[in-house]
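Quick note: numbers below take in every heavy atom, side chains included, and nothing from hydrogens, waters or symmetry partners. Quantities reported herein were computed from a predicted structural model and do not represent experimental measurements.
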4 protein chains.
Amino acid sequence: MTISERKEREKELRRMQIITAAENLFFRSGYDHVSMEEIARAAELSKGTIFFYFKNKETLFITIVLRGIRLFYEMVSDACEKYSDSPSDQLRTMGEVVIMFSREYPGYLSAIRLFKSGRFSLEKQSETGEETREILQYSRRLSGFMENIVREGIQKRVFRDDIDPIELGIIIRMLTGSVMDINPEIRWMLREHTISEEKIIDTFFTLMTSMIAGKKTSDINPDMREYL
Amino acid sequence: MTISERKEREKELRRMQIITAAENLFFRSGYDHVSMEEIARAAELSKGTIFFYFKNKETLFITIVLRGIRLFYEMVSDACEKYSDSPSDQLRTMGEVVIMFSREYPGYLSAIRLFKSGRFSLEKQSETGEETREILQYSRRLSGFMENIVREGIQKRVFRDDIDPIELGIIIRMLTGSVMDINPEIRWMLREHTISEEKIIDTFFTLMTSMIAGKKTSDINPDMREYL
Amino acid sequence: MTISERKEREKELRRMQIITAAENLFFRSGYDHVSMEEIARAAELSKGTIFFYFKNKETLFITIVLRGIRLFYEMVSDACEKYSDSPSDQLRTMGEVVIMFSREYPGYLSAIRLFKSGRFSLEKQSETGEETREILQYSRRLSGFMENIVREGIQKRVFRDDIDPIELGIIIRMLTGSVMDINPEIRWMLREHTISEEKIIDTFFTLMTSMIAGKKTSDINPDMREYL
Amino acid sequence: MTISERKEREKELRRMQIITAAENLFFRSGYDHVSMEEIARAAELSKGTIFFYFKNKETLFITIVLRGIRLFYEMVSDACEKYSDSPSDQLRTMGEVVIMFSREYPGYLSAIRLFKSGRFSLEKQSETGEETREILQYSRRLSGFMENIVREGIQKRVFRDDIDPIELGIIIRMLTGSVMDINPEIRWMLREHTISEEKIIDTFFTLMTSMIAGKKTSDINPDMREYL
DNA sequence: AATGAATGAGGTTTCATTCAT
DNA sequence: CATGAATGAAACCTCATTCAT
């Protein structure tokens, strides 16, 4: 059995070799500016081999997206396990993870963004279905984390309860999204005012926390009682 | 002179004819999936003519981006002129413009996003320089609007003053960006919970306003003190 | 108008240039063993130009098939006009045309055969529809010629009338087909016995004529009267 | 010895397994549209194994052709043994076999036709020599059958003797060939006139028999006397 | 100013065949 | 014997761009 295991391992190695090469190129030049030929050269394999491992350029890319989202998920889920204290802290932790990810792996980030832009969506469902489905799963689980934090925050009366918790959850998601999305323009503004990314993000979370912070119970919207 | 004027007018007309055709196609199918051939057919002109008016496919696209950002700028500046009341209201007004734009002109929005994604950046500077520069100008002016609102808000003591106004401006920009970016995923979540886009956006601005609003220091939630 | 006419003529010339080059290669090596690259080289044009004139390798091939069948049709129709004498003679004339074609243009012949073999049929209907339809038209008209001869032969009581004229027509088509199909094997046999193709074909038509020749009218199958 | 025998048997089994799979695919989709990969999958073996048993895709195909022609030969030779009666009946019998084969094994038929079309001929002689030679042998033996019938028919004075028996033999071969070749076009005509294939073939042989039937001996061509 | 034929580099993909294990 | 990973040549096709008219 060890022999087939070794083969399995080697095959996985080759896959990684290809993925790594492809990642570098995609991250540097963008999906459209990279050819399978280049990927092959970078991986020191033949073009045919690339197509042996990945049916498509698209499939290869989506595999990378999947890797990215999986990585992000691990980071989030690790962080959530450690700090199971106050919802506020969890939220900030989550935000920190988001920022870390967006700084450490900007390539993955823009890959994920391209994937979600609708560029790849529906046509070739059958071919890439496997990975696509998995990506959606992770997305949903990530949403779950967020919702849990919000629900807990409201239950524990540390988050304001005059807002539908679901809406609050969604808005927090939107906001965190905006943090990940520190685009070149913003970056340029920061440079111009010599403000570090760390600083702005810190301020951002300070504001967000204060925004979410709890209110007196007398203000509680009766419709929302059920969530408490 | 009238004869050259007519020619000028006709030339401008042709340009518009092309831009309109290209817009429709780009907005429907995305930059990469539209060929110059198609654009020519849609504009009822020949491929050569397209290249006579636009050096490049890229230049043509950037021209459209410019149109989009100009349109956005007009909307914002119109809105700002009319409602020159309280900074809070101005802010909300601005948000509303943002949302209106993103709903009325989603095509321009994603064109702008693609442009800012770094896909078109540096290589062909010289060729597209003209338009690119203008786009940047509008971007900067838009930032200016925001900064003014924030500055005014702080001066009038309606915005919190415990935050660097520049940072506050940037963060507000980030947040408004996140609203424009109501992506498919968020949209899907909204549908699942039967929450309308209008509702979520209204809530969003309510929250944002409260976040930015000036506070008496005595109101601070003790749990949150550390963040201030 | 002369200017656009000239352009038209030149375009037609290019088409012919390509067709001629492709024909030579297809006839020499067979459809699958010829690449568009080769055709381009042979036509002294770029690959792109070939695809500008012909959407497909398939379309190019079918155009050649159409040329072949058109040529065949002209030959047949010319011959039929000249010799409007006895049906028997018409039949023999037709046979002679068939043989001439199969000897002069064996390339076209096998192209037509490949086309009819079902290799190209249904998948890309829309793309090659135009030519395909025309090919079918010619085929049908050719069948018409044959049917007319047979009908006339029966009416003039020079063909046997104890056979359903429709069946007779079909069989004659099958037989003439077999003449066109003098394949390598048969050819090899002829060489081995030092019999010329002319000789065997002459004999063939002698036999066929005697086979088709009329019978006493008393034998007429009553069911067939209507055709007379 | 039993052990090597078993191995031998198993090897033969594998061969058949491959041939059967390949046949099905070739017959369904045509030589060029079937890949070795597909064959391997269908045979539930690996690609490498296919190449172990058959040097080539071509060799594999030719093996199938050989199978087809062998099968045809068996059918003909069986039929000839049983009905050793009159040459006319033998001829009809032979025709019936031809038709049966073309209806029962259309796949083999078109494989044989492809093989004879010159597609595979000369280049790789050395590699496929063995099978090719055997195919030729069977072909020749089949011709022999035909020639014998004709010779006997003439000797027994039931076939016309005003025709060179060799020529007659060849023509009969051509004709029988035309029956095998009931191509889609003819088939379509038959359907349109609601004539069954059986009917047309019956009529065909009726006509052929009458065509071949004997003449008065006084008409005998003196040159042909030697054959009698 | 307008045309559209011509280009050719580049893209993705397929597949027969080899070979180390 | 059997496997299947690896190869790489060659296939078909697209399209932005140029240029003579």
How many whole angstroms separate atom CG of C/D32 from atom C1' of E/dA16? 14 Å

Grab the CZ-C1' distance between B/F61 and F/dA16 for me, whole Å please. 16 Å

Give the nucleotide from the list F/dA16, E/dA5, E/dA1 with an atom nearest to the side chain of C/Y53. E/dA5

Do A/S110 side-chain atoms and A/G107 backbone N/O form a donor-acceptor pair below 3.5 Å? yes

Tell me whether D/E44 is salt-bridged to D/R41, with the criterion being a basic N under 4.0 Å from an acidic carboxylate O. no

Rounded to whole angstroms, how far apart are CZ on A/F52 and P on F/dG8? 15 Å

Between atom CZ in A/R15 and atom P in F/dA5, what is the gap in whole Å? 12 Å

By side-chain contact (heavy atoms from CB on, under 4.5 Å), C/A111 pairs with (sequence neighbours left out) C/F27, C/F61, C/V65

Which residue, B/K11 or A/E37, contacts DNA chain E at a nucleotide closer to its 5' end, judged by nearest heavy atom? B/K11

Just the rounded figure in Å: distance from P of E/dG11 to NE2 of A/H33. 11 Å

Short of 4.0 Å, heavy atom to strand atom, which residues of residues 42-51 of chain D count as contacting DNA chain F? D/L45, D/S46, D/K47, D/G48, D/T49

With heavy atoms under 4.0 Å as the rule, sort B/F54 into base, sugar-phosphate or nothing. nothing

Check A/L66 against A/E131 and note the closest heavy-atom contact, atom names and distance. CD2-CG, 3.9 Å

Are the side chains of C/T63 and C/R67 in contact, using a 4.5 Å heavy-atom criterion? no

Residue whose nearest DNA chain F nucleotide is more 5′ - C/V34 or B/Y31: C/V34

Hey, which sits more toward the 5' end of DNA chain E by its nearest nucleotide, A/E38 or B/K7? B/K7

Side chains of B/I69 and B/Y108 in contact at under 4.5 Å (non-hydrogen atoms): no

Do the side chains of B/Y53 and B/L60 get nearer than 4.5 Å, heavy atoms only? no

For Watson-Crick and G-U wobble pairs within 3.5 Å on both distances, what is DNA chain E written in dot-bracket notation, | included for inter-strand pairing? .||||||||||||||||||||

Between D/K55 (NZ) and E/dT18 (C1'), how many Å, whole number? 15 Å

By salt bridge (Lys or Arg N to Asp or Glu O under 4.0 Å) - contacts of C/K57 (at least two apart): none

Any side-chain N or O of D/R14 under 4.0 Å from OP1/OP2 of F/dC1? no

Atom-pair distance (NZ on B/K57; C1' on F/dT14), nearest Å: 11 Å

Salt bridge (Lys or Arg N to Asp or Glu O under 4.0 Å) with D/E10: which residues, sequence neighbours excluded? D/R6

Distance check needed: F/dT17 P versus B/I39 CD1, whole Å only. 11 Å

Does E/dA16 have OP1 or OP2 sitting under 4.0 Å from an N or O in the side chain of D/N56? no

Listed pairs under 3.5 Å, donor-acceptor, residues 15-22 of chain B side chains, sequence neighbours left out:
residue, atom, partner, partner atom, Å
B/Q17, OE1, B/R14, NH1, 3.1
B/Q17, NE2, B/A43, O, 3.0
B/T20, OG1, B/M16, O, 2.7

